[in-house]
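Presented below is the structure to which this report refers.
Heavy-atom basis, side chains included; hydrogens, waters and symmetry copies ignored. Lettering of chains follows the sequences in order, A, B, ..., and the numbering in each one begins at 1. Keep in mind the model is a prediction, meaning the values are calculated, not measured.
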Amino acid sequence: MYYVVTFALIITMALALTRAILGPSVYDRVLAVNMLGTKTVLLLSVIAFLMGRPDFLDLALAYALINFIGVFAVLEFFRNRAAKQPEEKP
Amino acid sequence: MTVIFGFFLLTLLLITAVAIVQSQNLFVSVMLSGMFSLLLAVNFFLLDAADVALTEAAVGAGISTVLLLSALAITAKHEKAPSSSRVGALIIVIIATLVLIYATLGNPQFADPNAPVHQHVAPWYLDKTAEAIDIPNVVTAVLGSFRGYDTLGEVFVVFTAGIGVLFLLGTQPGPFAQSNPFKLTDPKGLRHYLIPRVVGRMLIPFILLFGLYVQFHGEYGPGGGFQAGALIAAAIILFALLEGENSALKVIPRSVLIGLIAGGALLYGVVGLFGIFLGSNFLDYSVLSSNPVKGQQMGLLIIEAGVGITVTGVLLSIFHAFAARGKF
Amino acid sequence: MELLGLYYYWVFAILLMIGLYAVIVKLNLIKKLIGLSLFQAAVFLLYITMGKLEGGTAPIVTDANANGLFSNPLPQVLILTAIVVGISTMALGLGIVIRIKEEYGTIEEDEIQEIDK
Amino acid sequence: MTAFHSHLPVLQVIVPMLTAPLVILLNQKRLPWIVATAASLCAFAIAVTLAMSVMAGQTIQYSLGAWPAPWGIELAVDAFSALMLLVVTGASSVALLAGAQSLDKDIEHHRQPLFYAAWLLALSGLAGILVTADAFNIFVFMEISSLASYVLISGGPDKRALPAVFKYLVMGTIGATFYLIGVGLIYMMTGTLNLADMAFRIEDVADQTPILLAAGFITIGLALKAAIFPLHIWLPNAYTYAPNMVTVFLAACATKVAIYVLLRFDFFVFQPNLVGHDFQFTFFLLPLSLLAILVGSSVAIFEPKLKRLMAWSSVAQIGYITLGASLLSVSGTTASVLHIFNHSLAKGALFLVMACLGMRIAQLRIDNIAGIAQKMPWTMAAFVLAGLSLIGVPGTAGFISKWYLITASFESGAMGIALVVIILISSLMAVVYIWRIVESAYFRQPEEDLVITEAPIPLLLMTWVVVLMNVYFGFAPGVPIELATGAAELLHGQTP
Amino acid sequence: MELFLDIASWILMSLGGVFVFIGGLGALRMPDLYTRMHAAGITDSIAPILIIPGLMLQAGLTLASVKLLAILVFLLLTGPTASNALASAALLAGNRSEQVKSTAVPESEE
């Protein structure tokens with residue numbers, strides 16, 4: 001019943017991972033992280049049903065929050081870094 | 001059938017790990033390590049470890065990414081080119097891995113019921129929890145009551161890390177802070193931050209509410225002090241990111257944070273001492289009220305609250321120490 | 001089924017060595033800390049794989065599955081503690097790295113040794 | 001009173017541990033130091049009462065939360081842990097009593113509450129390891145004591161303390177995680193975490209690979225924490241750049257507690273069950289101990305910085321302790337446990353002298369303490385006596401453990417003679433590096449403009465208390481010997 | 001009735017799976033950041049709208065459905081916000097897409 005969705009989600013996570021590794025610019029990587037985050041939320045919800053424990057959806061909800069905060073931490077870091085010395089090359 | 005998904009996710013895990021180590025750009029490896037702990041959390045969930053998955057997600061993917069990023073903002077963003085002597089170490093590591101893999105062949109069958117690990121101690125916990133503490137979540141029961149001394153030690157590990165970072169970095173801005181012209185709340189940032197601030201301001205109360213739900217839901221489902229502390233700290237860190245670190249400090253000033261750190265740890269210790277004053281051993285909650293089962297539940301609730309308070313206080317003071325140091 | 005069980009232990013071994021490799025070979029202090037967290041993540045995987053029981057669900061006893069099979073709760077308790085130990089060590093390590101950057105101006109181990117000579 | 005008496009093992013740990021949150025809330029002038037010293041002295045008093053009741057033959061068991069042993073966590077105090085508790089709480093109390101001014105110099109006022117809280121946590125972490133009988137609990141308290149020691153060491157005035165403490169953090173965490181893997185593998189095969197229960201249940205799975213792997217992981221992990229020879233790289237820098245009082249405290253007991261855990265695991269859990277393990281234990285540990293002794297002493301001879309010299313001599317002395325343990329005889333283990341006690345006395349006194357010198361001289365090097373004896377006579381006299389105890393001159397505590405070590409080596413058969421020769425050579429090396437300092441202090445002319453007064457009174461007083469204890473335990477070593485032999489018999493399974 | 005529910009949720013979820021896959025593939029193959037964000041946008045919006053109601057049909061009227069609804073609302077709220085913030089951050093940092101290269105804005109090499 002849930003196998004199709006789970007497979008699709010895992011393959012998309014693999015694609016997002018390749019985008020994260022290949023991604024030329026940093027923003028591609030931020031995009032990949034955001035994608036992987038939301039896919040994990042969906043995957044966790046589907047697996048909760050797959051394993052017959054629907055009361056474990058707290059995990060998926062908690063993860064949706066964390067992902068939102070994580071993306072903002074990344075963007076805040078990058079805005080600060082780019083604003084300071086865009087040409088800074090250590 | 002979940003076996004196949006486990007297989008896939010583990011391979012993704014390995015690829016992420018190799019990518020983390022290989023990437024020159026520290027910023028990339030920090031983001032990949034966020035993804036790594038996220039994949040690890042899904043793997044734990046597949047292995048029936050719901051509490052651990054929630055903790056790994058809340059702490060591993062949430063807090064450690066934010067801390068690493070705020071440290072990166074102050075230090076370097078790129079790693080220096082590697083030195084020469086890497087092939088030798090690589091060979092040694094590969095040999096060691098093969099030896100370890102050969103050694104794991106002797107391990108007991110994966111998940112077979114008659115492995116020794118399921119025989120001796122685990123069944124006792126499962127039925128003793130129903131009888132003595134009578135709460136659904138056996139993991140919280142073992143964490144809080146049967147092995148409560150471990151968790152007391154755990155709270156003091158977090159406490160040490162908190163005072164360690166405060167001792168190292170103090171609370172005043174470091175030498176780099178002056179050199180950074182952009183304070184967090186500069187108006188220029190507002191233009192493209194309007195939508196996130198509005199959405200953030202709308203969501204933060206719900207995140208805090210969810211954090212409290214996870215805190216007090218620890219007995220009935222996955223949750224507890226550590227996860228709740230991490231979630232609440234993450235919510236306030238989001239507030240700091242959007243509204244600026246000084247306004248987050250106005251919400252919870254540093255003196256309150258020190259009070260939170262000391263208060264949570266002391267709360268846990270005092271509940272343990274009550275076990276002694278009321279005539280039984282240290283950390284024995286059944287003497288806390290006339291009916292032992294009620295006493296255990298009351299004890300669990302209080303120590304989980306103590307753990308949550310300390311973890312929130314510590315994580316927030318670490319974030320403020322890092323942010324003040326370099327104007328992240 | 002048997003192969004996947006071993007695969008869990010092999011992933012533990014490989015992750016352990018990747019983490020150790022990163023800690024030993026990499027010169028950047030933050031990369032060492034990330035390697036250290038990988039190294040500890042492998043140990044978490046070992047403990048949780050031990051706790052899994054064939055056909056068992058998460059050890060949360062609701063009335064629906066009161067007499068069902070449950071996976072072992074003890075390794076999960078130990079790993080809850082170990083995760084928080086890992087994050088505490090990383091937070092302290094990052095504090096030290098920030099202080100090193102302020103005192104030495106760099107976080108590459110060889111440059112630090114250069115300055116110290 | 002007796003009801004209170006039965007709670008002593010857990011009070012030993014939670015008294016300093018629960019005082020730490022209180023200390024960070026006070027920031028009046030001297031209050032954090034007063035509260036910390038009071039907690040440390042109270043822990044020392046509990047350790048003394050525990051040692052007395054152990055010597056009176058009581059076996060002390062305490063189950064946490066009133067849950068029975070293999071399921072709940074159990075605390076057990078025997079001869080070995082009682083002696084180690086005396087060493088740990090004693091070293092902490094001495095260092096705190098002596099160190100008020102020295103710490104004021106190194107740590108700014110507003111950071112002192114945090115520093116003393118970290119100190120109390122290091123003390124309670126070490127006491128927690130010594131008191132518990134649960135394998136995972138040892139890991140948790142090892143982490144508390146390690147994190148607290150990283151904080152203490154990072155308080156050092158010199159900027160080089162930071163890379164030193166970072167290396168210590170990385171190696172210490174790897175060591176603790178190796179230990180965690182070992183405990184996990186043993187739990188996988190035996191299903192229990194309680195040490196006594198584990199020793200009992202390991203018999204029927206003893207020959208399987210995970211147990212052998214676990215033995216390897218635990219030994220390497222604890223060797224890393226105990227700075228046994230090839231894995232000691234973090235120790236010299238960490239002790240040199242730490243504040244003087246922290247070095248007094250950590251040098252006396254931090255690595256010894258890791259050796260305590262190694263011996264307890266090896267003699268209780270592995271040796272009786274794993275066939276051939278005792279041979280492997282000696283095969284690896286004996287040569288490493290000899291290497292530690294020779295390399296440590298020889299590097300100490302050529303080291304200009306005083307504190308680094310003392311740190312390298314600590315590496316050599318740890319070699320003595322592991323040498324005694326690797327002889328696998330009751331007398332060998334007695335010598336090893338005795339040397340833990342005596343070395344912490346001698347090394348504590350020497351580092352206290354370093355603290356006295358550190359109060360008056362910025363850079364502690366051989367050439368810039370030239371002729372210091374005329375200006376600081378009492379300090380240098382204490383140094384000479386403590387140096388004699390380190391070398392093992394008769395009439396000092398060091399001699400007692402060297403004597404037991406030599407008799408144990410003789411008993412250990414043919415190669416015993418070679419061991420005795422190496423012990424004597426290394427004692428001569430110790431004479432050389434102590435003499436270098438004495439010669440520079442007494443027989444060289446100080447620069448004229450140097451105006452140095454004697455060290456502050458409380459610091460000097462405590463240094464002399466420890467030096468006199470060295471001499472006292474040289475002449476009347478009754479208590480340590482009784483506890484050491486009790487510990488050795490326990491470790492070798494002959495219940496007294 | 002039970003069978004109908006199962007089939008309906010299967011269809012919904014499989015459709016969701018297909019869209020997720022399409023979005024993931026798009027994110028990989030698209031030439032430039034902004035086009036990739038379009039593709040990733042699909043996985044952020046249409047997939048939850050299809051998959052989560054599919055799960056809700058399975059869960060029926062229980063607490064789980066309320067949680068699923070909360071997840072759906074949260075995803076639909078935060079997904080677009082994050083993409084907006086990402087796009088404006090990229091734009092602010094001068095990350096012009098290739099097609100707009102004709103305007104003489106120096107491409108930051110990051």
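With a threshold of 4.5 angstrom between heavy atoms, I34(C) approaches chain B through side-chain atoms but not through N, CA, C or O. For S33(B), the part lying under 4.5 angstrom from a heavy atom of chain C is the side chain only. Interface residue L53(C): backbone and side-chain heavy atoms are both found under 4.5 Å from chain B. Proximity to chain B involves both the backbone and the side chain of Q76(C), based on heavy atoms less than 4.5 angstrom apart. For L69(C), no part sits under 4.5 Å from any heavy atom of chain B, backbone or side chain.
Between F70(C) and V138(B), the closest side-chain pair of non-hydrogen atoms is not below 4.5 Å. No side-chain heavy atom of L67(B) sits under 4.5 Å from any side-chain heavy atom of M90(C). In this structure, V84(C) and V157(B) have side chains that are not in contact, with every pair of non-hydrogen atoms separated by 4.5 Å or more.
Between R325(B) and I98(C), the shortest heavy-atom contact is CG-CG2, 3.7 Å. When all heavy atoms are compared, the tightest approach of P73(C) to Y125(B) is CG-CB, 4.4 Å. Closest non-hydrogen pair, I60(C) versus Y220(B), comes out as CG2-O, 3.5 Å. When all heavy atoms of Y8(C) and G6(B) are compared, the closest pair comes out as OH-CA, 3.9 Å.
Your options are L126(B), T140(B), V52(B), and the one with the most heavy-atom pairs under 4.5 Å with chain C is V52(B). Ranked by heavy-atom pairs under 4.5 Å with chain C, the list L100(B), N137(B), D150(B) is led by N137(B). If you tally non-hydrogen atom pairs under 4.5 Å between each of V61(C), I100(C), L20(C), L45(C) and chain B, the highest count goes to V61(C). Across L78(C), L92(C), L29(C), the residue that shares the most heavy-atom pairs under 4.5 angstrom with chain B is L92(C). Residue with the most contacts toward chain C among L143(B), V142(B), D48(B), T11(B): D48(B) (heavy-atom pairs, distance under 4.5 Å). Among the candidates I30(C), V77(C), I107(C), I79(C), the residue making the largest number of heavy-atom pairs closer than 4.5 Å to chain B is V77(C). The greatest number of non-hydrogen atom pairs below 4.5 Å with chain C, out of I92(B), V18(B), V93(B), T151(B), is found for V93(B). Note: S71(C) leads S71(C), P75(C), A82(C), S37(C) in heavy-atom pairs under 4.5 Å with chain B. Looking only at heavy-atom pairs under 4.5 Å with chain C, the residue among T160(B), V314(B), L68(B), V165(B) that has the most is L68(B). Most heavy-atom pairs under 4.5 Å with chain C: of the set L47(B), V30(B), L13(B), this distinction falls to L47(B).
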Should F36(B) and L15(C) be marked as a side chain to side chain contact (heavy atoms under 4.5 Å, CB included) after you check the CA-CA gap, both sets of side-chain angles, and the distance that decides it?
-> CA-CA 11 Å; F36(B) 176 84; L15(C) 268 183; 3.8 Å; yes
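Judged by distance alone, the side chain of R99(C) and the main-chain N or O of L168(B) form a donor-acceptor pair under 3.5 Å. Between the side chain of K101(C) and the backbone N or O of I74(B) there is no donor-acceptor pair closer than 3.5 Å. Remark: side-chain polar atoms of K31(C) are not paired, donor with acceptor, to backbone N or O of L26(B) under 3.5 angstrom.
Enclosure of atom CZ in F8(B) is not indicated, since only 12 or fewer non-hydrogen atoms of other residues, nucleotides or ligands lie within 6.0 angstrom.
Applying the side-chain contact (heavy atoms from CB on, under 4.5 Å) test between I87(C) and each of V59(B), V311(B), I318(B) identifies V59(B) as the sole match.
The distance from atom CG of N43(B) to atom OG1 of T49(C), rounded to the nearest 0.5 Å, is 9.0 Å. To the nearest 0.5 Å, atoms CG (L94(C)) and CG (L69(B)) are separated by 10.5 Å. Rounding to the nearest 0.5 angstrom, the gap separating the OG1 atom in T81(C) from the CZ atom in R147(B) is 8.0 Å. The distance from atom CD1 of I14(C) to atom CG of L14(B), rounded to the nearest 0.5 Å, is 5.0 Å. A distance of 4.0 Å separates CG in L80(C) from OG1 in T55(B), rounded to the nearest 0.5 Å. Separation of atoms CG (L38(C)) and CG (L32(B)) is listed at 10.5 Å; rounding is to 0.5 Å.
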